[in-house]
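Notes to accompany the following structure.
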Amino acid sequence: MAIKQVDSGMVYLWVLIFFFFFYFLIVRPWERERKLKRSSSYTIAKFIKKESVVEGGAMYTYVFYVEKIEYTDQITEDSRYDMKVGNCYDLKYYPPDPSCHELEYETPVDCNEFSQ
């Protein structure tokens, strides 16, 4: 019975892929959630652009301000909600690092409260 030799390069590649998915699908979201539970503040985010994506949906770009610093991010369209360019939504963020945030896009809010 012959024993097949395992290609160490392939093993390394699969280990790397596993850790990549583990970090981005488990660790990173858990870390963001933990930070937001520990300390969070709210501001208003506004949808400023809609782009079509290959899969047939859309990607929205939104902007928000914390201490007069502009932050932008993107979110994939969720057809269960009325997402439109110009709509404003509450956004929960981690004060030491506003790039750690969560957009609460289920219910639009009054854009009169949106400020730079």
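Model, not experiment: these values are computed from the prediction.
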Taking only residues two or more places apart in sequence, or in another chain, which ones meet K50 in a side-chain contact (heavy atoms from CB on, under 4.5 Å)? A58, Y60, E77, V85
Pairs where residues 34-89 contributes a residue and the test disulfide (SG to SG under 2.5 Å) is met, not counting sequence neighbours: C88-C111
Which atom pair, heavy atoms only, marks the closest approach of P98 to F64? O-CZ, 3.5 Å
Residue pairs, two or more places apart or on separate chains, that pass disulfide (SG to SG under 2.5 Å) and touch residues 37-73: none
Apart from L36 itself, which Ile, Leu, Val, Met, Phe, Trp or Tyr residues share its cluster (side-chain heavy atoms under 4.5 Å, direct or through members)? Y94
Which residues satisfy the side chain to side chain donor-acceptor pair (under 3.5 Å) test with E51, sequence neighbours excluded? Q74
Taking only residues two or more places apart in sequence, or in another chain, which ones meet Y93 in a ring-ring contact (aromatic ring centres under 6.0 Å, His included)? none
Contacts under 3.5 angstrom, residues 41-48 side chains, donor-acceptor by atom type, not counting sequence neighbours:
{"residue": "Y42", "atom": "OH", "partner": "E104", "partner atom": "OE2", "Å": "3.4"}
{"residue": "T43", "atom": "OG1", "partner": "Y65", "partner atom": "O", "Å": "3.3"}

Which residues satisfy the side chain to side chain donor-acceptor pair (under 3.5 Å) test with N87, sequence neighbours excluded? Y89
Would you say H101 and V66 make side-chain contact, with heavy atoms under 4.5 Å? no
Evaluate whether atom NZ of K49 has more than 12 neighbouring non-hydrogen atoms of other residues, nucleotides or ligands under 6.0 angstrom away. no
Between P95 and S40, what is the shortest heavy-atom contact and its length? CD-CA, 3.9 Å
How long is the span from the NZ atom in K92 to the NZ atom in K35, to the nearest 0.5 Å? 14.5 Å
Using the side-chain contact (heavy atoms from CB on, under 4.5 Å) criterion, which residues pair with S99? Sequence neighbours excluded. D97
